[in-house]
Number of protein chains: 4
Amino acid sequence: MPKANPKRESRIQKISRELILIAATEVFAGRGYRGATLDQIAEQAEMSKTNLLYYYSSKEELYLATIVSTLDVWLDSLERMDPDGDPEVELKRYISEKIRFSLENPAASRLFANEVLHGAEHSRSILTRRLKVLMDDKSKALRKWMQSGKLVRVDPHNLIFIIFAATQTFADFAAQIDIVTGKSLHDKRYFAQVARDLQQVILRGIISEQ
Amino acid sequence: MPKANPKRESRIQKISRELILIAATEVFAGRGYRGATLDQIAEQAEMSKTNLLYYYSSKEELYLATIVSTLDVWLDSLERMDPDGDPEVELKRYISEKIRFSLENPAASRLFANEVLHGAEHSRSILTRRLKVLMDDKSKALRKWMQSGKLVRVDPHNLIFIIFAATQTFADFAAQIDIVTGKSLHDKRYFAQVARDLQQVILRGIISEQ
Amino acid sequence: MPKANPKRESRIQKISRELILIAATEVFAGRGYRGATLDQIAEQAEMSKTNLLYYYSSKEELYLATIVSTLDVWLDSLERMDPDGDPEVELKRYISEKIRFSLENPAASRLFANEVLHGAEHSRSILTRRLKVLMDDKSKALRKWMQSGKLVRVDPHNLIFIIFAATQTFADFAAQIDIVTGKSLHDKRYFAQVARDLQQVILRGIISEQ
Amino acid sequence: MPKANPKRESRIQKISRELILIAATEVFAGRGYRGATLDQIAEQAEMSKTNLLYYYSSKEELYLATIVSTLDVWLDSLERMDPDGDPEVELKRYISEKIRFSLENPAASRLFANEVLHGAEHSRSILTRRLKVLMDDKSKALRKWMQSGKLVRVDPHNLIFIIFAATQTFADFAAQIDIVTGKSLHDKRYFAQVARDLQQVILRGIISEQ
DNA sequence: CATGAATGAGAATTCATTCAT
DNA sequence: CATGAATGAATTCTCATTCAT
């Protein structure tokens, strides 16, 4: 039972678990928890289903592992927002990183969208521990900026949600964009345009002119 | 097969189909296509599963019917944006209607979020026909406003996506909001606050000051 | 869901459930809970496994149903022991009925032997309700006979256990008997011999001579 | 393959095989052949499953080994019944030893009960060789005692079965006893009471008064 | 000797769907 | 219209066993 002592994973274990995780993230992201099957994940990971279950002993456990393993990188860009920096600079960078992340890790991004869309039943406790804490923390930075007159006064949590939403939309709902515009974020020009538009609208919307 | 001549549905048929649709929308929205079962929908509709299948002869067909039936109302608020009106007024109203709609029809709202998130495989052609056409149309209005200097110049499609995203977030990802803020849009005060914040940020972001 | 209203079973339901129960009793008796498979039971019942699960929605539920349905007949012979009758007559009849029952319902008999042997984890509560109550009741009869000097003084519960054991042995452990003696209880002569020996030993053992 | 030359087992091999056997007896006894898993046995033996399979190359082989290894001790008390002794003394001792054995080796006791209950498919040939031979032998002693008028005339095999049954009941069906009486044979007082009752009933039942 | 890694053959369920009435 | 009965195709998970080291 490899889980017995997770600190002491052998090299091959680490690799296998990593491979599985990547495959699982992709499949779960693409079809949701219920829609994904272990068969698909095993195939994606080029591994027998039984072997997969040797590493993660249930679908649920594997799913949670994907959530946990992506949560960090997902939150990373927000995490790096510096409360002591200039809001315009910080927010510009955050938006740009966030949208870049969504583009580079579409699976991770969708994984969360799907999970949260369905009520976060699987990951509520994890999200409370990580997401809530981080957002509460960053809210303070935003509030400080608001108090010093650099940002328009809105609910800081709401502001983060709005940025979340606006940035993720382009990655998570790519199908919609493809249908409507025929374009894909993989088109570098379009990507740049989107980033610019997003930054412009959001920053204009919240930065106070003196 | 009742579908043979949909014009000639009896009264009871119409009612049954309607009941099923409502139930299906809710269940599909809550658990996704794969996650939903006909049993659940039948129970929600207070009807035997067999009977349900009498009206909609497959899960797929029923699912598509929910998409079609909700698409109209979902697009309605956008549809009513008047190209000849004042952009500030029109957009303010649009945002407020959109968020109100998401609140009042959370199921419909999530149904689409889920469908599009998963690539719109079931509904691509429908969306192309309806969503694309409408967005292309409204884009013209936006572009006109931009050209007359009333709105900042951004890609009009992107602008609509941003508004979509920002408004829907609060309905579709309610779980996230609940986790982070402990609040729900059903709390009227919070709802008003969200609407205000959204309007402020977006309108500030796109309305040009002369 | 046929279980919804068990009182209102249709004719075909009753038959199916009965057929399944018979098949299940046999298979469970022969191979134990874990050893039995739904496939085997379904085959025995000449029914698809899925259909079987339509009537009993899990293996556990089916197993409990077999326990419940056989418990009555299993306890019947003891139940009919008359506290006001003559102990010799009553016990003689009880022993003879018990062994006959074991012969005629070997599956039911073994079902219990197996269940109890493995700690009655599935049926503890049922047994408590039925078996305990009955044995407590009959113990009173035995005690009365003991007090009136008609029976030797032993613990009444123990006495019932001894009779249980002695009678069941010949049905439940038929394999042993077959191996050692080459005989089967289906051989009428042997059956009669066993019944006689049992009655003689037990009755001699407990009836007081004045 | 260590089995190749069982005489040439190293010390550590002997110990491992013994440990496995003890663990296996317990687990097989508690859950039956199908119900037991090699994982459980390996854990009980504090050994990896792979290593366990190094010593016993299949579940079946291990199971048979437990049967063989317990058969001796199980038959021991009967074996020691002396045909030249006094029947009352010999039988009294036998009963007392048998019930004590069942108490002290409940696993071994149940192992057989379970095996025989399920038709002794795994061990038929072994039982024939050992059990049958011994019982045939001891039957002669009993018959001799009957012919000399010291014992009631019943079928000697049946008599042994009855004693088997009556004594084992209290160990094998402990769950039943617990349910009905709330007592356990581990309670020394209760144990003594059971032994006394058993001896009294059986001996009264078969010893002839001159 | 000992263990970790891998696998195929089940096993219990679930679920959309069809059949008969 | 409506329902109960029946089923086959998944799907998750278990377990004995083999392979490699």
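Proteins come first, then strands; the chains are lettered A, B, ... in the order of their sequence lines, and each starts at number 1.
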For residues 110-120 of chain B, the salt bridge (charged side-chain N to carboxylate O under 4.0 Å, His left out) pairs (sequence neighbours left out) are none
Have a look at A:A36 and say if it touches a base, only the backbone sugar-phosphate, or nothing, with a 4.0 Å heavy-atom cut-off.
sugar-phosphate
Please check if the side chain of C:T66 supplies one atom and the backbone of C:Y63 the other of a donor-acceptor pair under 3.5 Å.
yes
Nearest whole angstrom, please: distance from the P of F:dA9 to the CG of A:D39.
16 Å
Side chains of residues 40-48 of chain A: which donor-acceptor pairs under 3.5 Å do they make with residues two or more places apart or in other chains?
residue: A:Q40; atom: OE1; partner: A:T37; partner atom: N; Å: 3.0
residue: A:Q44; atom: NE2; partner: A:E26; partner atom: OE2; Å: 3.3
residue: A:S48; atom: OG; partner: A:N51; partner atom: N; Å: 3.0

Separation of B:K14 atom NZ from F:dC1 atom C1', in whole Å?
17 Å
Taking only the P atom of each, what is the distance from F:dT21 to E:dC1 in whole angstrom?
22 Å
Please check if the side chain of B:R34 supplies one atom and the backbone of A:G32 the other of a donor-acceptor pair under 3.5 Å.
no
Does A:N51 put a side-chain nitrogen or oxygen below 4.0 Å from OP1 or OP2 of E:dA5?
no
Less than 4.0 angstrom between a side-chain N/O of D:Y55 and OP1 or OP2 of E:dA2, yes or no?
yes
Hey, which sits more toward the 5' end of DNA chain F by its nearest nucleotide, D:T37 or A:Y33?
A:Y33
Side-chain contact test, heavy atoms from C-beta onward, threshold under 4.5 Å: evaluate it for A:L71 versus A:F112 and give yes or no.
yes
Residue list, salt bridge (charged side-chain N to carboxylate O under 4.0 Å, His left out) with A:K59, at least two apart or on another chain
none
Mark yes or no for whether B:R31, through its side chain, and A:H118, through its backbone, hold a donor-acceptor pair below 3.5 Å.
no
Sequence neighbours excluded, which residues qualify as salt bridge (charged side-chain N to carboxylate O under 4.0 Å, His left out) partners of B:R124?
A:D178
If only side-chain N and O atoms of C:R34 are considered, is one of them under 4.0 Å from the OP1 or OP2 phosphate oxygen of E:dA12?
no
To the nearest Å, how far apart are C:E61 CD and E:dA12 P?
15 Å
If only side-chain N and O atoms of B:Q13 are considered, is one of them under 4.0 Å from the OP1 or OP2 phosphate oxygen of F:dC1?
yes
Please report, rounded to the nearest Å, how far the P atom of F:dT3 is from the CD1 atom of C:I12.
18 Å
Tabulated below should be each protein N or O lying under 3.5 Å from an N or O of nucleotides 17-19 of chain F; please produce it.
residue: F:dT17; atom: OP2; partner: D:K59; partner atom: N; Å: 2.8

Can you tell me the distance, in whole Å, between the CZ atom of B:R17 and the P atom of F:dA2?
13 Å
When you match A:M47 and D:S16 each to their closest nucleotide on DNA chain E, which lands nearer the 5' end?
D:S16
In whole Å, I'd like the distance from the CG atom of D:L52 to the C1' atom of E:dG4.
16 Å
Can you tell me how far the CD1 atom of D:I22 sits from the CD atom of D:E18, to the nearest 0.5 Å?
4.5 Å
Rounded to whole Å, how long is the line connecting atom OH of D:Y63 with atom P of F:dC15?
18 Å
About how many Å separate OG of B:S69 and CG of B:L111, when rounded to the nearest 0.5 Å?
8.0 Å
Can you tell me how far C1' of F:dA16 sits from OH of D:Y54, to the nearest Å?
20 Å
Considering just the side-chain nitrogens and oxygens of C:R11, establish if one lies under 4.0 Å of OP1 or OP2 belonging to F:dA5.
no
Using both pair distances under 3.5 Å as the test, note the stems of at least 3 consecutive Watson-Crick or G-U pairs that include DNA chain F.
E:2-21 with F:2-21
